Every structure is written in C-alpha cells, then in structure tokens.
Amino acid sequence: QMIRGGAQYKYQDSILEQQAAGERATPTLPQLEALTKGKRLIVCRTAFENFTSILETIGGPREKDIGRSLLQTLEVVPDSPSERALKLLCKGKIKERSKVVFGTGDYMKAITLTANEGFVRAACSQGVHFDVAVHSSRALSEMQQLILRQT
C-alpha cells in the first residue's frame with residue numbers, strides 16, 4: 001500500500017513515516033515497473049515462501065490481493081545458490097537466507113531486485129559482488145492505514 005497511495009498518511013511509527021516521506025519524494029512503483037517490464041521474472045523458493053509468509057501475516061486485504069497477483073506473474077525456481085554465495089561467512093548482515101536468495105540469482109545469471117542494501121554491501125566487503133538493482137524499502141502498511149483512518 002505504501003507505493004499505491006499509502007504515502008499520503010502520517011504514520012506514528014518513525015520507520016513507516018520515513019518510508020512514506022521517501023515515497024512522496026521519489027515514488028518507487030514507476031522504478032520497479034521500468035526495471036521489470038518485458039522481463040522474465042523469477043523468484044527462488046525461499047524468497048517466495050518468505051514473502052508469502054510476510055504477506056499473509058501482516059498484509060492488509062488490498063495488499064494481499066496485489067501481492068497474490070504479483071506472485072502469479074513470477075516463475076518459482078528451486079533454491080540453487082552459487083558456490084561463491086555459499087562461501088560467504090554468515091556474520092553481520094550476511095544471513096543464510098540471503099545467501100540462498102542472492103546466490104540463486106547469481107547461479108541463474110539474473111539481476112536480483114532488492115531493497116537489502118546491507119547484504120549487498122556486506123557481500124562486497126567479503127569480495128563477492130552480485131548483479132543487483134537496489135530499490136527503496138517499502139513496508140506493508142495497509143493495516144496501519146486502517147488504524148489511522150479510525151482515529
């Protein structure tokens with residue numbers, strides 16, 4: 001919802017408010033559409049399951065509909081992380097799940113669309129550079145918007 005009109009709200013949560021301000025200044029959806037238009041969109045099993053879990057846990061009704069529609073446009077591929085991703089040491093921003101997600105994109109020679117700049121920088125500091133397109137982070141915010149409408 002943040003990228004589909006939710007930036008108009010004034011959030012109590014400082015992180016949501018910071019994202020809303022960023023969205024008002026630089027809308028994310030046009031950037032994402034430009035990056036993905038006409039492309040084969042793949043997602044590894046781990047990323048698919050993680051996103052689905054988050055969507056079902058904290059997404060509002062409209063976010064769930066939009067998220068489910070998005071997921072139907074994606075080809076789910078098996079987790080198959082590259083050797084160089086597997087060699088990254090798990091510390092700081094390097095987590096096993098991120099190694100699998102970015103490593104699968106690396107193995108498939110795909111550009112990974114991500115808001116996880118921390119992992120990208122940490123991997124670079126270990127000498128591993130992934131082919132990524134970084135976008136701004138945007139939280140699922142519809143449930144917070146519903147609360148704000150009631151006050």
Side-chain angles (χ1 to χ4, degrees), residues 1-81 85 88 90-108 110-124 128 130-151:
Q1 275 309 93
M2 184 74 71
I3 65 173
R4 296 181 187 271
Q8 68 184 347
Y9 293 92
K10 295 290 183 189
Y11 296 92
Q12 301 294 329
D13 182 274
S14 62
I15 293 173
L16 288 179
E17 183 52 35
Q18 181 181 13
Q19 288 186 11
E23 184 64 22
R24 288 188 292 270
T26 309
T28 304
L29 188 57
Q31 296 170 6
L32 296 176
E33 289 172 335
L35 287 167
T36 59
K37 185 175 182 172
K39 304 281 190 324
R40 172 183 173 219
L41 304 177
I42 61 172
V43 62
C44 72
R45 173 67 51 195
T46 291
F48 177 86
E49 290 174 357
N50 187 252
F51 177 76
T52 301
S53 174
I54 292 168
L55 183 65
E56 294 303 323
T57 303
I58 64 171
R62 187 160 179 249
E63 288 169 331
K64 287 179 181 177
D65 287 344
I66 293 166
R68 289 176 188 136
S69 292
L70 169 66
L71 291 171
Q72 290 178 1
T73 68
L74 306 176
E75 177 185 342
V76 180
V77 299
D79 293 341
S80 48
L88 290 168
C90 285
K91 62 180 186 176
K93 297 287 184 176
I94 306 281
K95 307 287 189 248
E96 196 62 39
R97 180 178 62 214
S98 295
K99 287 172 46 173
V100 170
V101 172
F102 286 84
T104 299
D106 190 47
Y107 175 80
M108 298 196 71
I111 297 170
T112 300
L113 185 59
T114 185
N116 190 348
E117 272 187 287
F119 175 85
V120 174
R121 282 193 307 271
C124 283
V128 179
F130 293 103
D131 196 2
V132 299
V134 178
H135 63 84
S136 299
S137 179
R138 297 293 183 253
L140 296 174
S141 58
E142 185 177 11
M143 296 308 289
Q144 290 297 314
Q145 293 166 21
L146 293 173
I147 292 167
L148 289 170
R149 284 187 213 144
Q150 293 172 353
T151 58

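Bear in mind the structure is a predicted one, so any value in this text is a computation, not a measurement.
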Please list, one pair per line, the donor and acceptor atoms closer than 3.5 Å that link side chains of residues 94-102 to other protein atoms, with sequence neighbours excluded.
{"unit_1": "Lys95", "atom_1": "NZ", "unit_2": "Gly92", "atom_2": "O", "d": "2.5"}
{"unit_1": "Lys99", "atom_1": "NZ", "unit_2": "Leu86", "atom_2": "O", "d": "3.2"}
{"unit_1": "Lys99", "atom_1": "NZ", "unit_2": "Leu88", "atom_2": "O", "d": "2.9"}

Would you mind writing out the side-chain donor-acceptor pairs for residues 111-122 within the sub-3.5 Å range, not counting sequence neighbours?
{"unit_1": "Thr114", "atom_1": "OG1", "unit_2": "Asn116", "atom_2": "N", "d": "2.8"}
{"unit_1": "Asn116", "atom_1": "OD1", "unit_2": "Phe119", "atom_2": "N", "d": "3.0"}

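Summarising the local packing, CZ of Phe51 is surrounded by more than 12 heavy atoms from other residues, nucleotides or ligands at distances under 6.0 Å. Residue Lys64 places its NZ atom among more than 12 non-hydrogen atoms of other residues, nucleotides or ligands, all under 6.0 Å distant.
Here the straight-line distance linking atom CG of Asp106 with atom CE of Met108 works out to 11.5 Å at 0.5 Å rounding. With rounding to the nearest 0.5 Å, the separation of CD in Gln19 from OG in Ser136 is 8.5 Å. Separation of atoms NZ (Lys37) and CG (Leu32) is listed at 14.5 Å; rounding is to 0.5 Å.
Nearest heavy atoms, Ala7 versus Ala20: CB-O, 3.6 Å. The two atoms that bring Tyr107 and Pro81 nearest to each other are CB-C, 4.3 Å, heavy atoms only.
Every residue was checked against the side chain to side chain donor-acceptor pair (under 3.5 Å) condition with Gln31, not counting sequence neighbours, and none meets it. By the side-chain contact (heavy atoms from CB on, under 4.5 Å) test, Leu29 pairs with Ile3, Arg4, Glu33, sequence neighbours left out. For Glu75, the salt bridge (Lys or Arg N to Asp or Glu O under 4.0 Å) partners two or more places apart in sequence, or in a different chain, are Arg40. The side chain to side chain donor-acceptor pair (under 3.5 Å) check on Glu23 picks up Thr28, Arg138, with sequence neighbours excluded.
Among residues at least two apart or in separate chains, side-chain hydrogen bond (donor to acceptor under 3.5 Å, both in side chains) pairs with a member in residues 42-61 are Thr46-Asp79, Glu56-Arg68.
Residues Ile58 and Ile54 are in side-chain contact: their nearest non-hydrogen atoms beyond the backbone lie under 4.5 Å apart.
Of the possible polar contacts, none joining the Ser80 side chain to the Thr104 backbone as a donor-acceptor pair under 3.5 Å is found. Between the side chain of Glu63 and the backbone N or O of Leu55 there is no donor-acceptor pair closer than 3.5 Å.
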